[in-house]
Amino acid sequence: MSEHYSERDLQREITDLETKSATAARLFDIRRIIGGLFVVYGVIVTIAGITASDAAIDKAEGVNINLWTGLGMLILGLLFLLWLKLRPTAPPPPATVPGERDE
């Protein structure tokens, strides 16, 4: 016994697969990955800057470089995530099958 799909069933399955593909593309958007990594590393480096000893600060000519770098990384990561929130990836336009009329 072979299963026969109608045109409508086939089109519905294609639409479902395209929807899943678009969802996966938005999930793995490079802005999300870069922003998340910068936020995580920014938090780690900021904590290292907050807990820095006087000897480490003196070694860097009196500048708490870990604190400033960590804050910069944190801000950059948050900007990437804000960009993702304000300008999400647009879903792909629906594909039309040649010869098919709109119903």
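Numbers here simply count residues along the sequence, with the first being 1. Only a predicted model underlies this, so the values are computations on that prediction, with no experimental measurement involved.
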Do [X] and [Y] sit in one hydrophobic cluster, given that two such residues count as connected whenever their side-chain heavy atoms are within less than 4.5 Å of each other, even indirectly?
X     : Y     : value
Ile44 : Ile47 : no
Ile50 : Val43 : no
Leu78 : Tyr41 : no

Exercise for the section: Starting at OG1 of Thr46, measure out to CD1 of Ile75 and round the result to the nearest 0.5 Å. Expected result: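 That separation rounds to 9.0 Å.
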
Problem - Reported CG-to-CG distance for the pair Leu86 and Leu79, which is rounded to 0.5 angstrom - result: 10.0 Å

For residues 57-73, tabulate all N or O donor-acceptor pairs below 3.5 Å that involve a side-chain atom, not counting sequence neighbours.
unit_1, atom_1, unit_2, atom_2, d
Asn64, OD1, Leu67, N, 3.4
Asn64, ND2, Gly49, O, 2.8
Thr69, OG1, Ile65, O, 2.8

Exercise for the section: Quick one: list whatever passes side chain to side chain contact (heavy atoms under 4.5 Å, CB included) with Leu81, sequence neighbours left out. Expected result: Val39

Exercise for the section: Over all heavy atoms of both residues, which pair between Phe80 and Arg31 is shortest? Give the atoms and the distance, please. Expected result: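 Taking every non-hydrogen atom into account, CB-O, 3.9 Å.
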
